[in-house]
Amino acid sequence: MLSLLHVLPLLTSLALASPIQLPHLLVTRQDIQTPINSSLPNVTIFATGGTIASQGASNTQTTGYQVGLGVQQLVDAVPEILNISNVAGYQISNVGSGSINSTISLTLAHMINAELAKDDVSGVIVTHGTDTLEETAFFLSSTVNSPKPVICVGAMRPATALSADGPLNLFQAVTLAASPAGRDRSTMIVLNDRIGSAFYTTKNNANTLDTFFSTEAGQLGVFINQVPFFFFAPAEPVGRIVFDVDSVSDLAQVDIIYSHQDMDPALFNASVAAGAEGIVVAGVGAGGTSSKAALAMEELYNATGIPIVASHRSSDGFVPSGEDDVTIASGFYNPQKSRILLQLALTVGYDEAAIREAFAKSYPMP
Ligand code: ASP
């Protein structure tokens, strides 16, 4: 009765992987052994690591655990998934999400676009560490061109913990990826019974289960007894741009510089000297810096024309345009999402005017 699903013509994507640049990139096809039920929808899981794939030494250990469970083990822990879907899986990496990089992100985008183009695939799931999950989710929202659901899911407690949250989060993610209710909503984040938009959801607490939300945009929906309920009809984020990264194998380098009292203005030039093609400032308040840092930014901009996006270091908020001619206002995008948008815009060759417009599309003009 055991057999595998969606057998693998994936290997064009494998050409992306550069083992020299990227020791973490595994991209191995894991043939999830599941009973096929042709009446069930097919979903594909792309596993990248994180706490959801981690184990501690005891069931009370909730810090300092080790990543390493594979996609088969994630599915084995939740056999109920097989009552609602046929699953296939790819192991893309097995790392803490601080080590997710542009090669992994691009591999995900390429493979997910290819997977969702298959008529018999209902949706996909990315299992991911929560620390940078919102970045990958925003990246996929900006690069996957499909009405089908893309669900990013993680866990705050390792698989070995008392009350581990990963299994139910994964079950809910599969439920949503298999459901028509998940279509036409762009990429979503599922954790802790909540469904959030990849565009605005952010990780607000380093440790607790109730960490993913956006104070401004709120939640898209919730799971009630494991059934997804959306508060609104399908909608996608205002200003979303879908970049075609099919033939892209590397992303432009963009650094984030954190603003604070006595900020060292030398960081701007240092960043460019180290290869940055764009800079995002996690500004104080609505995109601010010290006057010394503002001068350094102006000199850098006048000398190089490098795009400098002003975002906010507060976890939520808005940076309006027109504050100065040097910086580009991030609008509602936080620094990490601004960085991805700027990377994508630079990578596909946007000029400064187009970059300004890309950011301005997501917020009301004065
Ligand atoms: N360290 C983990 C990570 O990979 C944290 C998590 O997954 O919750 O991001």
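The residues of the chain are indexed from 1 along the displayed sequence. This is a predicted model, so every value here is computed, not measured. All ligand and atom numbering here is 1-based and tracks the order in the structure.
Side-chain rings of Phe243 and Tyr350 approach one another, their centers coming within less than 6.0 Å.
Between His128 and ligand 1, not a single N/O pair is under 3.5 Å apart. Checked against a 3.5 angstrom limit, the closest N/O atoms of Ala155 and ligand 1 fall inside it. Close N/O approach between Lys203 and ligand 1 is not found [any backbone or side-chain N/O within under 3.5 Å]. Close N/O approach between Thr51 and ligand 1 is found [any backbone or side-chain N/O within under 3.5 Å].
In this model, no donor atom of one side chain and acceptor atom of the other lie less than 3.5 Å apart for Asp210 and Asn192. There is a side-chain donor-acceptor pair under 3.5 Å between Glu115 and Thr44.
Between the NZ atom of Lys337 and the CD1 atom of Ile340 there is a distance of 7.5 Å, given to the nearest 0.5 Å.
At a 4.0 Å cut-off, not a single heavy atom of Gly49 sits close enough to ligand 1 to count as contact.
The atoms of ligand 1 that sit less than 4.0 Å from any heavy atom of Gly50 are 4 (O), 7 (O). Taking every heavy atom of Gly96 and a limit of under 4.0 angstrom, the matching atoms of ligand 1 come to 4 (O).
Residue, atom and distance of the protein heavy atom nearest to atom 4 (O) of ligand 1 are Ser97 N, 2.6 Å. From the protein, the heavy atom lying nearest to atom 8 (O) of ligand 1 is Thr130 OG1, 2.4 Å. Summary of contacts: the protein heavy atom closest to atom 1 (N) of ligand 1 is Asp131 OD2, 3.2 Å.
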Test log, rule side-chain contact (heavy atoms from CB on, under 4.5 Å), inputs Asp316 and Asn204
CA-CA 10 Å; Asp316 233 324; Asn204 291 280; 5.9 Å; no

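In this structure, Arg356 pairs ionically with Glu352, as a charged nitrogen and a carboxylate oxygen lie closer than 4.0 Å.
Phe213 does not carry Arg194 over the face of its six-membered ring by the limits of under 6.0 Å from the centre and within 45° of the normal.
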